[in-house]
J.: 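Pasting a structure below so you can have a look.
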Amino acid sequence: MKLNHAHPSRRARALRITGIAAVAAIALAGCSASGDAGGTGDGGDAGGELTFSNWQFLEDGKGPIIWDAVKGYTGPNDNIELTKVEIPFANYADKLSTELGAGGGPDVMVLQDSQFASLVDAGVLEPLDDIADELGDSLNNTNEAGFFQDGQYGFNWERPTYNTVIYNKDIFAELDLEVPTTFEEFLTTAETIKSELGIAGFAGRHQTAEIDGWTLEMANWIYGFGGELSDGKKLTIDKAENVEAVEAFLETFESGVAPIGDDASTFRAKFGQGQVGMLFENSGVATTITSNPDNVVNGENMGAAPLPLANAGSNSQLIIAVNANSDNVEAAKDFVRWVLGEEGQTAIRAGLGASAMATDVEPDAEFLAANPWATQFLEAAKTSKSTLVEGFETESKPIWREVLTAVEDLRVNGGDVKSTLAEVQKSLEAELG
Amino acid sequence: MATSTLEAPRSTPRAAPPKRPRGSGAVGRFIERNGAYLFLFPAIVYLAIFTVFPLIRGLMLSFTATKLVNPAGGKPVGVENYEYLLSSDKFWTSVVTTLLYTLFTVVFSVGIGTAGALLLNTAFKGRGIIRAIATIPWAVPTVAAALIFVWIYNNEQGILNRTTSALGMGQHGWLVDPQYGLFAVTLATVWKLTPLVMLVMLSALQSVPQELREATWVDGATRFQSFLAVTLPHLMPTLRVITLLMTIWSIRRFEIIFLITGGGPLDVTNTLVVNVYRTAFQDQNLGRAAAIGALGLVLSLLVTVVYFIVEQIQERQESQR
């Protein structure tokens with residue numbers, strides 16, 4: 001006690017000095033830490049950490065293969081450390097849009113096309129025209145999906161197309177069925193499977209509770225019947241082909257061939273277990289189903305054929321893009337170059353199975369031999385179309401939601417398809433101006 | 001013993017206040033004078049950062065046309081968002097859905113929870129185990145609870161439809177048919193929340209003085225009369241608080257509804273909070289979502305005001321007895 005009171009000013013001075021030293025130490029540590037993190041330069045030369053965000057990292061089977069394919073990337077000067085950012089698919093668009101809107105987010109990211117259009121519109125993605133010019137002819141036409149508002153802002157990471165019907169070959173052989181090529185044949189085939197075996201002839205999404213996935217599937221029907229939601233300038237919700245598509249969709253579910261209430265994970269699992277005859281499905285899911293050793297359906301007995309509709313269907317388009325606010329834009333662009341190059345494409349191919357990629361890199365011969373169905377998806381990807389509503393790209397989600405809510409209403413309560421779609425058209429015109 | 005204060009020798013000099021330790025000086029005096037405020041400071045800062053600022057920011061956003069991906073670039077649009085919402089059938093349907101969901105959830109979880117607490121407060125063999133089992137739904141994470149109910153409600157494999165089929169009552173589209181949508185999410189919520197009400201009411205019941213109840217029995221009151229005269233008045237403050245909390249929580253509840261139905265089928269479970277999510281993250285319209293949030297806040301405030309009015313009336317009635 002005596003000591004303390006005897007030299008108060010000396011003690012205070014000592015405390016002050018200690019405090020200043022502590023603050024200085026923390027500040028230095030902070031500087032040092034940020035220096036270690038690197039990535040502050042505007043070129044790949046600066047080195048450091050590059051963050052790459054993709055929900056696929058969390059997918060069973062596929063995720064580790066994709067990460068293994070890219071994790072070896074170290075940049076042109078061997079001084080880049082790639083770090084994966086794992087966000088579950090359910091929160092991916094929300095989280096990334098919020099982060100990017102706030103000026104943060106990963107350096108490189110894989111995006112869905114609907115999200116991509118909004119982000120380009122908001123000016124948060126880096127223009128990549130120089131990469132497009134450099135790589136030129138090596139890129140295939142799927143990269144047009146990354147061209148928006150007069151600029152190349154991204155490239156095709158993966159195009160899992162829905163433009164295909166997959167079927168259980170064993171069931172078709174047992175019932176001596178032909179693969180359907182028209183809607184009428186498709187419905188008859190599905191009804192035969194249902195009546196003969198008591199299992200679902202077909203399954204698909206049909207609820208607004210799964211609105212994102214259902215958008216892709218409903219687009220398949222609408223495009224398959226030659227419809228579209230706009231002509232590029234104005235909405236065409238109630239055009240005759242759309243009406244025909246919705247009527248066919250409703251007829252399929254009314255016929256009882258498809259289970260009502262099953263979500264996608266349920267009916268996909270059922271297909272894998274031989275409890276569903278046909279699905280309109282994407283290449284990513286087909287790969288997952290056939291690679292599950294517990295499934296009855298495998299690479300050998302799963303068949304794939306063109307959509308039994310007159311026109312090509314839809315695709316889910318995943319795009320790789322660079323954050324314009326990244327501290328390491330040049331390094332990020334270099335990573336995109338590497339992904340699009342032969343080394344990157346070959347490495348990633350193993351994880352993307354039968355999906356179309358930015359270049360025409362062939363799947364592994366062993367994979368194709370074990371999964372003969374895969375070539376159909378690669379072919380179908382060339383003609384399938386995005387779910388973005390042309391001319392209304394950034395409003396695609398609300399437009400599809402209105403359409404799908406109307407389709408759900410028709411499925412539950414019935415009604416005239418043409419007049420219902422006409423009401424949706426009117427309502428959306430009023431809303432969007 | 002009497003009047004010790006008056007008889008205390010007034011002339012006795014007061015003990016000198018203890019000397020402040022040297023060295024505390026101006027800082028010590030400052031702390032002494034403003035100690036209460038200093039203790040409150042962290043709480044005030046916390047509230048300012050995490051409650052007041054977001055509230056003000058949200059209100060400001062609601063008067064702009066702001067996109068999710070460009071939160072700083074929203075142009076002022078005055079009361080346009082509010083005009084749009086107040087003239088929109090969808091918004092009012094959303095308000096009605098929220099009120100119905102809240103009413104059913106609160107009535108059933110508070111009712112069943114209180115009844116369960118009364119039952120578990122009586123002495124019977126295995127009471128401890130039953131009490132432990134009864135709390136399980138509260139311990140289950142909401143995501144897991146939602147998935148459990150999605151399976152229960154499955155059209156073909158779900159246990160609910162298998163049971164109704166076995167009983168000759170047919171199958172129902174619990175998550176597909178709009179007439180069952182609200183019922184489906186309400187049942188899941190009640191299952192999840194009832195144990196909490198039960199636990200709270202059980203602890204309130206255990207604080208009811210046993211001797212008071214016994215006194216009413218000695219006076220010839222029946223068990224029910226004893227409950228009305230002694231137990232219920234003791235439970236009322238807890239019941240009021242838990243009802244208010246459940247009401248506000250139900251107005252704000254999101255996860256279980258979104259995970260089970262996503263606001264469907266046909267928007268019958270599109271409560272205000274689900275509507276905010278869809279508008280902000282699916283339509284990317286932050287301005288309009290903020291306006292829905294502000295109107296939802298008004299609804300919560302109205303409920304709170306009603307609660308306080310009811311509480312005042314009841315307290316007045318109780319004090320007049």
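Proteins come first, then strands; the chains are lettered A, B, ... in the order of their sequence lines, and each starts at number 1.
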J.: What part of A:Ile211 gets within 4.5 angstrom of chain B, counting heavy atoms only: side chain, backbone, both, or neither?
T.: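 It is the side chain, since no backbone atom gets that close.
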
J.: In terms of heavy-atom proximity below 4.5 Å to chain A, should B:Tyr277 be classed as side chain, backbone, both, or neither?
T.: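 The side chain, not the backbone.
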
J.: For residues 59-68 of chain B, give me every residue with a non-hydrogen atom less than 4.5 Å from any non-hydrogen atom of chain A.
T.: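 Against chain A, the residues of residues 59-68 of chain B that fall inside the cut-off (heavy atoms, under 4.5 Å) are B:Lys67, B:Leu68.
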
J.: Check this for me, if you would: do A:Lys270 and A:Asp262 make a salt bridge, where the nitrogen-to-carboxylate-oxygen distance has to be below 4.0 angstrom?
T.: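 Here A:Lys270 pairs with A:Asp262 in a salt bridge, since their nearest N and O are under 4.0 Å apart.
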
J.: Mind telling me whether B:Phe149 and B:Trp191 have parallel, tilted or perpendicular rings, with 30° and 60° as the class edges?
T.: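 Geometry flag for B:Phe149 against B:Trp191: perpendicular rings.
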
J.: Could you check whether B:Arg288 pairs with A:Glu431 (Lys NZ or Arg NE/NH1/NH2 to Asp/Glu carboxylate O, under 4.0 Å)?
T.: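 A salt bridge links B:Arg288 with A:Glu431.
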
J.: Need one label for B:Gln282: side chain, backbone, both or neither, based on atoms under 4.5 Å from any heavy atom in chain A.
T.: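 Backbone plus side chain of B:Gln282, per the 4.5 Å heavy-atom cut-off to chain A.
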
J.: A:Trp55 and side chain to side chain contact (heavy atoms under 4.5 Å, CB included): which partner among A:Ile87, A:Leu318, A:Val85?
T.: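 Exactly one candidate clears the test, A:Leu318.
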
J.: Is A:Glu395 in contact with chain B via its backbone, its side chain, both, or neither, using a 4.5 Å heavy-atom distance?
T.: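 Just the side chain, heavy atoms under 4.5 Å.
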
J.: For A:Asn413, is it the side chain, the backbone, both or neither that has a heavy atom under 4.5 Å from a heavy atom of chain B?
T.: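 Interface part for A:Asn413: side chain.
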
J.: Using non-hydrogen atoms and a 4.5 Å limit, figure out which bit of A:Thr266 sits close to chain B: side chain, backbone, both or neither.
T.: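 Side chain only.
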
J.: Tell me every residue that passes side-chain hydrogen bond (donor to acceptor under 3.5 Å, both in side chains) with A:Thr208, counting only those two or more places apart in sequence or in another chain.
T.: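 So A:Thr208 forms a side-chain hydrogen bond (donor to acceptor under 3.5 Å, both in side chains) with A:Glu408.
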
J.: Under a 4.5 Å heavy-atom cutoff, which of A:Ala93, A:Gly103, A:Ser118 has the most pairs with chain B?
T.: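 Among the listed options, the one with the most contacts to chain B is A:Ser118.
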
J.: Can you check whether anything in residues 75-98 of chain B gets within less than 4.5 Å of chain A, heavy-atom wise, and list it by number?
T.: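 Result: B:Tyr84, B:Lys90.
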
J.: With a 6.0 Å cut-off (strictly less than), is the heavy-atom count around CD1 of B:Ile159, excluding the residue itself, greater than 12?
T.: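 At most 12 heavy atoms, drawn from other residues, nucleotides or ligands, come within 6.0 Å of this atom.
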
J.: With respect to chain A, which residue among B:Asp177, B:Thr261, B:Asp283 yields the maximal number of heavy-atom pairs within a distance under 4.5 Å?
T.: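 Greatest number of close heavy-atom pairs with chain A: B:Asp283.
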
J.: At their closest point, which heavy atom of A:Met109 faces which heavy atom of A:Val322, and how far apart are they?
T.: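 Closest approach of A:Met109 to A:Val322: CE-C, 3.8 Å.
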
J.: Going by atom types only, do A:Ser326 and A:Asn323 share a side-chain donor-acceptor pair under 3.5 Å?
T.: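 Per modelled atom types, A:Ser326 and A:Asn323 side chains form no pair under 3.5 Å.
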
J.: Decide side-chain hydrogen bond (donor to acceptor under 3.5 Å, both in side chains) for B:Asn285 and B:Thr279; before the verdict, give the C-alpha distance in whole Å, the side-chain angles of both, and the deciding distance to 0.1 Å.
T.: CA-CA 6 Å; B:Asn285 192 336; B:Thr279 310; over 6 Å; no

J.: Do the ring centers of A:Phe116 and A:Tyr153 come within less than 6.0 Å of each other?
T.: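 Ring centroids of A:Phe116 and A:Tyr153 are no less than 6.0 Å from each other.
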
J.: Write out, in numerical order, the residues from residues 121-128 of chain A with a heavy atom short of 4.5 Å from a heavy atom in chain B.
T.: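 Listed by number, the contacting residues are A:Ala122, A:Val124.
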
J.: With respect to chain B, which residue among A:Gln207, A:Arg401, A:Lys397 yields the maximal number of heavy-atom pairs within a distance under 4.5 Å?
T.: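 Most heavy-atom pairs under 4.5 Å with chain B: A:Arg401.
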
J.: What option among A:Ser396, A:Ala102, A:Ser97 has the most heavy-atom pairs under 4.5 Å with chain B?
T.: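 Ranked by heavy-atom pairs under 4.5 Å with chain B, first place is A:Ser97.
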
J.: Testing the basics here: between B:Gly262 and B:Val274, what is the closest heavy-atom pair and its distance to 0.1 Å?
T.: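 Heavy atoms of B:Gly262 and B:Val274 come nearest at O-CG1, 4.3 Å.
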
J.: Compare every heavy atom of A:Ala258 with every heavy atom of A:Ala203, then report the nearest pair and how far apart it is.
T.: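 Smallest interatomic distance, heavy atoms only, reads CA-CB, 4.4 Å.
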
J.: For the candidates B:Leu175, B:Asn154, B:Asn70, which exhibits the highest count of non-hydrogen atom pairs separated by less than 4.5 Å from chain A?
T.: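 Heavy-atom pairs under 4.5 Å are most numerous for B:Asn154.
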
J.: Which atom pair, heavy atoms only, marks the closest approach of A:Leu96 to A:Pro106?
T.: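 So the minimum-distance heavy-atom pair works out to CD1-CD, 3.7 Å.
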
J.: For a 4.5 angstrom cut-off between non-hydrogen side-chain atoms, does A:Tyr92 reach A:Gln115?
T.: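 A:Tyr92 vs A:Gln115: side chains touch.
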
J.: State yes or no: are the ring centers of A:Phe267 and A:Phe271 separated by less than 6.0 Å?
T.: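 Not close enough - the centres of the two rings lie 6.0 Å or further apart.
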
J.: Please determine, by modelled atom types, if B:Tyr46 and B:Thr51 share a side-chain donor-acceptor pair under 3.5 angstrom.
T.: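 No - no donor-acceptor pair under 3.5 Å links their side chains.
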
J.: In terms of relative ring orientation, are B:Tyr153 and B:Trp174 parallel, tilted or perpendicular, with 30° and 60° separating the classes?
T.: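 Because their plane-to-plane angle lies in the 30° to 60° range, the rings of B:Tyr153 and B:Trp174 count as tilted.
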
J.: Show, in sequence, the C-alpha distance, side-chain angles and deciding distance for A:Gln273 and A:Asn295, and conclude whether the side-chain hydrogen bond (donor to acceptor under 3.5 Å, both in side chains) test is met.
T.: CA-CA 5 Å; A:Gln273 289 302 312; A:Asn295 275 345; 3.2 Å; yes

